[in-house]
Amino acid sequence: MDPTTDNAGITGDPDSARASLEALRAEIAKAVVGQDPAVTGLVVALLCRGHVLLEGVPGVAKTLLVRALASALELDTKRVQFTPDLMPSDVTGSLVYDTRSAEFSFQPGPVFTNLLLADEINRTPPKTQSSLLEAMEERQVTVDGTPRLLPDPFLVAATQNPVEYEGTYPLPEAQLDRFLLKLTIPLPSRQDEIDVLTRHAEGFNPRDLKAAGVRPVAGPADLEAARAAVAKTTVSPEITAYVVDICRATRESPSLTLGVSPRGATALLATSRAWAWLTGRDYVIPDDVKALALPTLRHRVQLRPEAEMEGVTPDSVINAILAHVPVPR
């Protein structure tokens, strides 16, 4: 395959695409300190054409992370602050009457972008939350009966606060299942926090990523080449059975009222393939499945109330299942 090159000189060759995507970590680190797993998760989601739920307390650079990723990938990004009075049309767009032409014209909403940051998605009522469902699943929005395609690539990065529940509307299981990954954004370590403060003392401005030195190191052509390569990554029958056994084990866990659906099993297989390709292999091994099991499955299971009271977490249940399901040789 002949590599294709865009105006910025970014190549679409699979090998150089992998190198460019690996360089994202170093580029984003110019603006965001110590969030390599989240960067990797966002790249995996882009490769799988999936969406990401980012969970973390306020002030851990969730917004900055998405903006830095968009800059490093030369993609368009928009941010929507979800509030109780936000209407679906505020997200998808609406028909606006033009007095000069005496006709209605469509005014696109912020969903028409490459990376949409849905900030505090659980602060808006279900009607507005569901306005994203068609966009996430069908890559289009329908206004007044007319479907309108969204740009490609398209990723929703929705954030929610894990400790503040007053005035929130928890996402229903059906909508949670639409997110490919749930990434937890932890508080930084002591040294990382010192590095953050040192940067700010030296004049770092999170609103000016160009001044921080963040530049495009990959682009849409690289993503397209990478997606094609991921689609060719080999999955043996043993690995497929391993993924199925893990997901079926969640349905039989005494700590859970809801296990992983077949959609979740498909998602785990897809993310494992993307991770295998990113690490330089054209075939999936059990370690790839284990590496992506937590972010892919943690939001697709539901704890029993008594298990939750005993301190059991989705992560601990999934880790226990990974420890007991036989690993293919």
Next item on the list: May I have the step-by-step check of side chain to side chain contact (heavy atoms under 4.5 Å, CB included) for Arg215 and Lys210, ending in yes or no?
Entry: CA-CA 7 Å; Arg215 60 184 180 83; Lys210 287 186 178 180; over 6 Å; no
Check: Side-chain contact, heavy-atom cut-off 4.5 Å: Pro328 with Ile239?
Finding: yes
Item checked: Arg248 with Asp245: basic N within carboxylate O range, under 4.0 Å -> no
Check: Cluster question for you: counting only ILVMFWY and a side-chain heavy-atom cut-off of under 4.5 Å, with indirect links fine, are Leu116 and Leu42 together?
Finding: no
Next item on the list: Verify the distance criterion only: is there a donor paired with an acceptor across the side chains of Thr271 and Thr296 at less than 3.5 Å?
Entry: yes
Note to self: Starting from Leu21, can I reach Leu69 by hopping between I/L/V/M/F/W/Y residues whose side chains sit under 4.5 Å apart?
What the structure shows: yes
Check: Between Arg25 and Glu22, is there a salt bridge with N-O shorter than 4.0 Å?
Finding: no
Next item on the list: Among Glu224, Glu137, Glu138, find the residue that satisfies the salt bridge (charged side-chain N to carboxylate O under 4.0 Å, His left out) test when tested with Arg49.
Entry: Glu224
Checklist line | Residue pair Gln129 / Thr124, side-chain donor-acceptor N/O under 3.5 Å | finding: no
Margin query: Is a donor from one side chain sitting under 3.5 angstrom from an acceptor on the other, for Thr83 and Asp85?
Written below: yes
Margin query: So that I can tick it off, tell me whether Lys290 and Asp288 are bridged by a salt bridge, with the cut-off set at under 4.0 angstrom between side-chain N and carboxylate O.
Written below: no
Check: Among Val52, Thr159, Leu54, Val32, which one satisfies side chain to side chain contact (heavy atoms under 4.5 Å, CB included) with Val66?
Finding: Leu54
Checklist line | Euclidean distance, Ser89 OG relative to Leu95 CG, rounded to 0.5 Å | finding: 10.0 Å
Check: According to a 4.5 Å side-chain heavy-atom criterion applied to Ile, Leu, Val, Met, Phe, Trp and Tyr, with indirect links allowed, do Leu197 and Leu64 form part of one hydrophobic cluster?
Finding: no
Item checked: Shared hydrophobic cluster for Val235 and Leu278 (ILVMFWY, side-chain gaps under 4.5 Å) -> yes
Check: Going through the checks in order, is the side chain to side chain contact (heavy atoms under 4.5 Å, CB included) test met by Leu181 and Leu53?
Finding: CA-CA 6 Å; Leu181 299 172; Leu53 186 62; over 6 Å; no
Notebook entry, point to check: With a 4.5 Å limit on heavy-atom distance, are the side chains of Pro58 and Asn161 in contact?
Noted result: yes
Note to self: For a quick check under 3.5 Å, do Arg281 and Thr279 share a side-chain donor-acceptor pair by atom type?
What the structure shows: yes
Next item on the list: Give the intermediate values and the outcome of side chain to side chain contact (heavy atoms under 4.5 Å, CB included) for residues Thr146 and Phe106.
Entry: CA-CA 10 Å; Thr146 302; Phe106 178 67; over 6 Å; no
Checklist line | Between Ser316 and Thr313: side-chain donor-acceptor atoms closer than 3.5 Å | finding: yes
Checklist line | Side-chain donor-acceptor contact under 3.5 Å, Asp282 with Thr234 | finding: no
Check: Atom CZ in Arg67, atom CG in Leu75: separation rounded to 0.5 Å?
Finding: 14.5 Å
Item checked: Atom of Ala293, atom of Ile318 and distance for their closest heavy-atom approach -> CB-CG2, 4.3 Å
Next item on the list: May I ask you to check if Arg148 and Phe112 form a cation-pi contact, with NZ or CZ under 6.0 angstrom from the six-membered ring centre and within 45° of the axis?
Entry: no
Margin query: Any heavy-atom pair between the side chains of Glu55 and Leu183 that's under 4.5 Å?
Written below: no
Note to self: Please say yes or no: joined through hydrophobic side-chain contacts below 4.5 Å, possibly via intermediate residues, are Leu268 and Leu294 part of one cluster?
What the structure shows: yes
Item checked: Stepwise side-chain hydrogen bond (donor to acceptor under 3.5 Å, both in side chains) test for Ser130 and Gln175 -> CA-CA 8 Å; Ser130 64; Gln175 189 165 346; over 6 Å; no
Checklist line | Basic-acidic side-chain contact under 4.0 Å: Asp152, Arg227 | finding: yes
Notebook entry, point to check: Can you check whether Thr266 reaches Leu269 side chain to side chain, under 4.5 Å on heavy atoms?
Noted result: no
Next item on the list: Establish, from distance only, whether the side-chain atoms of Gln160 and Glu120 form a donor-acceptor pair under 3.5 Å.
Entry: no
Next item on the list: Please say whether more than 12 non-hydrogen atoms of neighbouring residues, nucleotides or ligands are located less than 6.0 Å from CH2 in Trp275.
Entry: no
Item checked: Verdict with supporting geometry, Leu256 and Gln302, side chain to side chain contact (heavy atoms under 4.5 Å, CB included) -> CA-CA 6 Å; Leu256 301 176; Gln302 193 172 71; over 6 Å; no
Next item on the list: Kindly indicate whether the side chain of Gln107, heavy atoms from C-beta on, has any atom under 4.5 Å from the side chain of Val96.
Entry: yes
Check: Are Lys62 and Asp119 ion-paired here, with the side-chain N under 4.0 Å from a carboxylate O?
Finding: no
